Amino acid sequence: MATFQTLPGFREFYPEDFARRNHIFRLWRQTAGAFGFAEYDAPVLEPLELYKAKSGDEIEAQLFSFTDKGGRDVALRPEMTPTVCRLVGAKANALKRPIKWFSIAEFYRYERMQKGRGRCFNQFNADIFGEPGPEAEIELVALLVQCLCAFGLTEQDFYVRLSDRNLWFYYLEALGLDEPRIRGVLGAVDKYEKYGDDAFTGYTEQFGAIDGAIKAKILAFLQIKSLAALERELAAFSGEKLSARLADWKKLLRGLDAMGLTRFVEVDLGVVRGLAYYTGFVFEAFDRKGELRALAGGGRYDDLVQKLGGPALPAVGFAIGDMTFALLLEERGLMPKFVQAPDVYCVIGGEAERLAAFGDIHALRAAGFRVEYPMKELAFGKQFKAAAESGAKLALIYGADELAKGVVKFRDLTERSERDLPRDQVVATVRDFLAGA
RNA sequence: GCGGUCAUAGCUCAGUUGGUUAGAGCACAAGAUUGUGAAUCUUGGGGUCGCGGGUUCGAGUCCCGUUGGCCGCCCCA
């Protein structure tokens with residue numbers, strides 16, 4: 001047993017693990033590129049104050065934070081949003097709108113481990129700045145869906161729940177609640193799915209028992225699962241805010257429908273999401289079976305760039321975590337097996353032949369081919385076995401007989417056929433063979 | 001922060017009411033095999049039984065503590 005262990009909740013990526021991670025990152029990156037998002041990155045270590053400013057002092061308990069040698073209070077980043085707000089805020093006036101950015105980065109949270117949650121994880125983050133209308137949400141929900149579909153997941157595997165903090169706010173306002181009570185109700189709404197009526201306990205303690213008629217309206221609103229139901233419910237209310245909001249909903253859902261994404265999206269006003277900085281549409285992706293933690297989450301946060309010292313700038317964003325996502329891929333059998341197979345395996349007779357082979361090996365590698373050979377002298381039988389196991393498509397055989405004739409033996413490992421090949425044609429022949437394969 | 005559960009080889013695990021030098025399969029390595037393919041056979045390396053303490057003539061086994069894993073609660077940006 002090793003003397004030193006990894007810190008709790010941290011992960012090590014052996015080559016097979018790293019290949020899986022790369023696969024995920026590669027498809028996310030490719031998908032974001034297709035949607036016209038530009039990639040960025042930023043420091044892993046940030047001023048502690050950046051996160052306190054966004055989330056309040058309590059956040060420190062869940063951060064890897066410490067004082068550095070210069071006396072600065074710092075924290076390993078637990079999320080990307082404050083950082084990207086700073087980046088965008090600092091150059092907002094010079095950036096072409098809309099600003100569509102994404103990142104794939106590692107984050108740290110000082111939390112207890114659970115299935116799908118560790119202290120160190122990766123997230124894909126995508127954000128759009130400078131677009132106040134639901135056009136930004138359309139783009140991001142579409143990107144979110146495609147970031148999952150790119151791996152072969154379908155509407156059978158996951159769905160996106162769509163909700164709206166603004167709509168709740170305007171609705172509860174129309175029911176005559178003041179702002180503190182609205183926040184109290186939203187807290188209850190967020191918990192309702194899990195706790196039922198007990199979700200209102202906190203509200204009752206703070207504000208007294210909620211009016212029965214109002215509670216009934218709230219519970220009815222919470223059940224709304226479609227645009228049609230929403231329109232019916234709001235028909236009884238007048239007011240510009242609510243009708244403008246309804247128009248946004250129509251635009252959003254029509255846009256998603258036109259992209260063919262309706263089958264992935266569900267209206268579900270029960271989703272409010274914990275943190276209070278969201279200001280409009282919010283959305284979360286879940287596995288259909290409901291066995292895993294949320295796959296992704298996001299929403300609109302129009303006030304945050306300004307709150308963190310930048311100009312007023314509307315923003316929407318979401319993040320996909322890699323841990324739950326990888327669990328889902330494994331569960332659905334969508335995680336490929338990765339083998340790092342060379343293109344060419346060289347079989348080498350002895351030390352003299354090895355020196356001859358080295359020239360070709362390096363030339364092939366310089367030409368971009370993946371070439372392997374045994375580092376130690378091995379019987380031919382073993383070498384052919386190794387060549388077959390390596391997954392290489394062809395073997396080059398450097399034996400004394402061949403080299404005496406100025407050739408190498410070129411063996412197609414799939415066909416099990418061989419022919420002699422003049423030394424000076426090795427690179428060109430390998431290129432032709434692999435291009436045809 | 002709280003609770004449950006587990007910890008023996010790289011992996012999966014066995015190990016009897018406490019009793020000699022802790023085992024198997026897989027994996028890895030060597031040989032059979034000095035020029036041709038995932039087989040077979042033989043052999044080998046690899047363990048302070050998570051760590052520390054206690055009970056005992058004797059602890060992988062029983063007790064206490066601790067660290068870590070997994071699962072759940074709180075939280076979830």
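Please read all numbers here as calculations on a predicted model, not as lab measurements. Residue numbering restarts at 1 for every chain, and letters A, B, ... go by the order of the sequence lines.
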Q) In the structure shown, which nucleotide is the Watson-Crick or G-U wobble counterpart of B:A29, with both distances under 3.5 Å? A) B:U43

Q.
Please report the distance separating the P of B:U61 from the corresponding atom of B:G52, rounded so that it comes out in whole Å.
A. 13 Å

Q: Output the single nucleotide from B:A77, B:G69, B:A38 whose closest atom is nearest the side chain of A:Arg109.
A: B:A77

(Q) The side chain of A:Lys409 is closest to which nucleotide in this list: B:U36, B:G69, B:A77? (A) B:U36

Q: Please report, rounded to the nearest Å, how far the P atom of B:U36 is from the CG atom of A:Leu378.
A: 15 Å

**Q.** Under 5.5 Å and under 30°: A:Phe384 stacked on B:G37
**A.** no

Q | Options B:G69, B:G3, B:G35, nucleotide nearest the side-chain atoms of A:Phe380 | A | B:G35

(Q) Counting distance alone, no hydrogens or angles: does the base of B:C76 have a donor or acceptor under 3.5 Å from a partner atom on the side chain of A:Arg117? (A) yes

Q: Using salt bridge (charged side-chain N to carboxylate O under 4.0 Å, His left out) as the criterion, point out the one residue from A:Glu131, A:Glu135, A:Glu139 that pairs with A:Lys100.
A: A:Glu139

Q | Residue A:Pro78, side-chain heavy atoms: nucleotide from B:A77, B:C71, B:C76 that is nearest | A | B:A77

Q) Given the side-chain rings of A:Phe64 and A:Tyr110, with only the six-membered ring counted for Trp, is the space between their centroids under 6.0 Å? A) yes

Q) Separation of A:Arg293 atom CZ from B:C73 atom C1', in whole Å? A) 11 Å

Q: Pick base, sugar-phosphate or nothing for A:Gly299, based on heavy-atom distances below 4.0 Å to the nucleic acid.
A: nothing

Q. The side chain of A:Lys385 lies closest to which of these nucleotides: B:G1, B:C76, B:A38?
A. B:A38

Q) Which listed nucleotide (B:G37, B:U34, B:A77) is nearest to the side chain of A:Ala379? A) B:U34

Q. Could you give the NZ-to-C1' distance, from A:Lys115 to B:C76, as a whole number of Å?
A. 17 Å

Q) Hey, does the side chain of A:Gln62 come within less than 4.0 Å of B:A77's phosphate (OP1/OP2), counting only N and O? A) no

Q) Is a donor-acceptor contact shorter than 3.5 angstrom present between the side chain of A:Arg411 and the base of B:G37? A) yes

(Q) Rounded to whole Å, please give me the gap between CD1 in A:Ile348 and P in B:U36. (A) 17 Å

Q: Report yes if at least one side-chain N or O of A:Lys382 is closer than 4.0 Å to OP1 or OP2 of B:U36; otherwise report no.
A: no

Q. CD of A:Gln383 versus P of B:U33: gap in Å, rounded?
A. 18 Å

Q: Calculate the interatomic distance between A:Glu418 atom CD and B:G37 atom C1'; express it in whole Å.
A: 11 Å

Q: Return yes if the base of B:G35 and the side-chain atoms of A:Glu402 contain a donor-acceptor N/O pair under 3.5 Å, otherwise no.
A: yes

Q | C1' atoms of B:A24 and B:U8, separation to the nearest Å | A | 13 Å

Q: Assess A:Arg77 against A:Phe107: is NZ or CZ under 6.0 Å from the centre of the six-membered ring, and within 45 degrees of the ring's axis?
A: yes

Q: Give the nucleotide from the list B:A77, B:G72, B:G35 with an atom nearest to the side chain of A:Arg112.
A: B:G72

Q | Listed nucleotide nearest any side-chain atom of A:Lys194, set B:C76, B:G35, B:A77 | A | B:C76

Q.
Checking base pairs now: Watson-Crick or wobble, both atom distances under 3.5 Å. What partners B:U61?
A. none

Q: Provide the Watson-Crick or G-U wobble partner of B:U5, both distances under 3.5 Å; none if there is no partner.
A: B:G69

(Q) Tell me the interatomic distance from A:Leu76, atom CG, to B:A77, atom C1', rounded to whole angstroms. (A) 16 Å

Q) Under 6.0 Å from the six-membered ring centre of A:Tyr108 and within 45° of its axis: does the NZ or CZ of A:Arg119 meet both? A) no

Q.
With a 6.0 Å cut-off on the ring centroids, do A:Phe286 and A:Phe158 count as close?
A. no

Q. Does B:C76 pair with anything, Watson-Crick or G-U wobble, both distances under 3.5 Å, and if so, with which nucleotide?
A. none

Q: In whole angstrom, give me the gap between the P atoms of B:U48 and B:G23.
A: 15 Å

Q | Stacked cation flag A:Arg165 on A:Tyr170, 6.0 angstrom / 45 deg | A | no

Q.
Which nucleotide wins on minimum distance to the side chain of A:Met113, given the candidates B:A77, B:G69, B:C73?
A. B:G69

Q) Angle class for the A:Phe318/A:Phe124 ring planes (parallel below 30°, perpendicular above 60°, tilted otherwise)? A) tilted

Q.
Pairing check on B:G35: which nucleotide meets the Watson-Crick or G-U wobble criteria with it, both distances under 3.5 Å?
A. none

Q. Do A:Glu39 and A:Ser103 meet the criterion of a side-chain donor-acceptor pair at a distance under 3.5 Å?
A. no

Q | Gap between atoms CG and P, on A:Leu396 and B:U36 respectively (whole Å) | A | 18 Å

Q. If the C1' atom of B:G18 is compared with that of B:U55, how far apart are they to the nearest Å?
A. 11 Å

(Q) Let's test this: given Watson-Crick or G-U wobble pairing with both distances under 3.5 Å, identify the partner of B:G18. (A) none

